[in-house]
Amino acid sequence: MGRIKSAWEIALERTENIEVDAEKIRHSANIEAIRKIAGAYLLSDEDTEESTREKLLQYGSDDKREALGQTIINALSLPQEEKSDDKKAQRLSFLLSIAVPSGDEIQDFLGQVLAHIAQYPVHREQLMNQLKEQFEPMLREKEEKLRAQYGEAPHLSLENDKEYRKVANQYLERLRDQYQEALDDAKKQLKEALS
């Protein structure tokens, strides 16, 4: 009768041929550490360019290029607020200058992407103003019809008008999709350039 093996012996037998790739583990740890430093710099006013540069000195240029590239690409998004975030744009440019120290072309490209992103809230506001100008007379006409029919009419607002909201949402969605498509394409190009 054979000997019964313990769970420990079975686990050791199954793992005896597994090799640990120390270089891959080190690389992953470096990428994670660099991304944390870059994320803190992007989100905090306490981290300066100088302190961030000092923190990143200990990492190799390939690791910095990969990690900072990922961070920059992930940080590029259409703004939800009306005002542009010049501080974020400046900080992304700084991180790119560390990732690619002699990359004037890629810096110019990032500048174009950031300018594109900054135009989105401006165009969104222009679109909303045009829609309001177009719908306001129709809304006042509805008020006059109600006044003529009932003698008195409530003040109608664009925000409560179903037709206006439907049209505005359609146009806003189309505008967002156009900007997002261009941004996604730019992010792919940036990723290729950083590879």
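Checked against Leu68 for a side chain to side chain contact (heavy atoms under 4.5 Å, CB included), the options Gln70, Arg65, Lys64 give a single hit: Lys64.
A pairwise comparison of heavy atoms in Gly69 and Leu194 identifies CA-CD1, 3.5 Å as the closest pair. When all heavy atoms of Ser44 and Arg91 are compared, the closest pair comes out as O-NH1, 3.0 Å. When every heavy atom of Leu95 is checked against every heavy atom of Ala38, the shortest pair comes out as CD1-CB, 4.0 Å. Here the closest non-hydrogen pair linking Ile34 and Ala67 is CG2-CB, 3.4 Å. When all heavy atoms are compared, the tightest approach of Asn30 to Asp63 is ND2-OD2, 3.0 Å. The two residues Ile72 and Leu110 have their closest heavy-atom pair at CG2-CD1, 4.2 Å.
In this structure, the side chains of Glu173 and Asn169 stay at 4.5 Å or more apart for every pair of heavy atoms. Residues Lys142 and Glu163 meet the side-chain proximity criterion, which asks for heavy atoms closer than 4.5 Å.
Taken together through direct or relayed side-chain contacts under 4.5 Å among Ile, Leu, Val, Met, Phe, Trp and Tyr, Ile106 and Ile98 form part of one hydrophobic cluster. Residue Phe135 is grouped with residue Met128 when hydrophobic side chains (ILVMFWY) are merged at heavy-atom distances under 4.5 angstrom, including chains of intermediate members.
For the atom pair NZ (Lys55) and OG (Ser51), the distance works out to 5.0 Å, reported to the nearest 0.5 Å. The structure places OG of Ser93 at 5.0 Å from CD of Gln107, a figure rounded to the nearest 0.5 Å. For the atom pair OG1 of Thr71 and CD1 of Ile31, the computed distance is 9.0 Å after rounding to the nearest 0.5 Å. In this structure, OH on Tyr179 lies 10.5 Å from CZ on Arg124, to the nearest 0.5 angstrom. The distance from the CD atom of Gln119 to the CG atom of Leu114 is 12.0 Å, given to the nearest 0.5 Å. Remark: Ile37 CD1 to Leu42 CG distance equals 12.0 Å, nearest 0.5 Å.
Contact check on Glu23 versus Arg26 returns a salt bridge, with a Lys/Arg side-chain nitrogen under 4.0 Å from an Asp/Glu carboxylate oxygen. With salt bridges taken as basic N to acidic carboxylate O contacts below 4.0 Å, none links Arg53 and Glu49.
Applying the 6.0 Å contact sphere to CD of Gln170 captures more than 12 heavy atoms from other residues, nucleotides or ligands. For Asp177, the CG atom is densely surrounded, since the number of other residues' heavy atoms within 6.0 Å is greater than 12.
Between the side chains of Asp185 and Gln189, at least one donor-acceptor pair of N or O atoms lies under 3.5 Å. Side-chain atoms of Gln180 and Asp184 form a donor-acceptor pair, as typed in the model, at a separation below 3.5 Å.
Taking the six-membered ring where tryptophan is involved, the planes of Phe94 and Tyr41 are tilted, since the angle between them lies from 30° to 60°.
Relative to the six-membered ring of Tyr171, Arg174 meets both conditions, a distance below 6.0 Å and an angle of at most 45° to the axis.
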Given Val167 and Gln134, is the side-chain contact (heavy atoms from CB on, under 4.5 Å) satisfied, shown in steps? CA-CA 11 Å; Val167 171; Gln134 181 181 349; over 6 Å; no
side-chain contact (heavy atoms from CB on, under 4.5 Å) between Leu172 and Leu131, worked out: CA-CA 10 Å; Leu172 287 173; Leu131 287 172; 5.8 Å; no
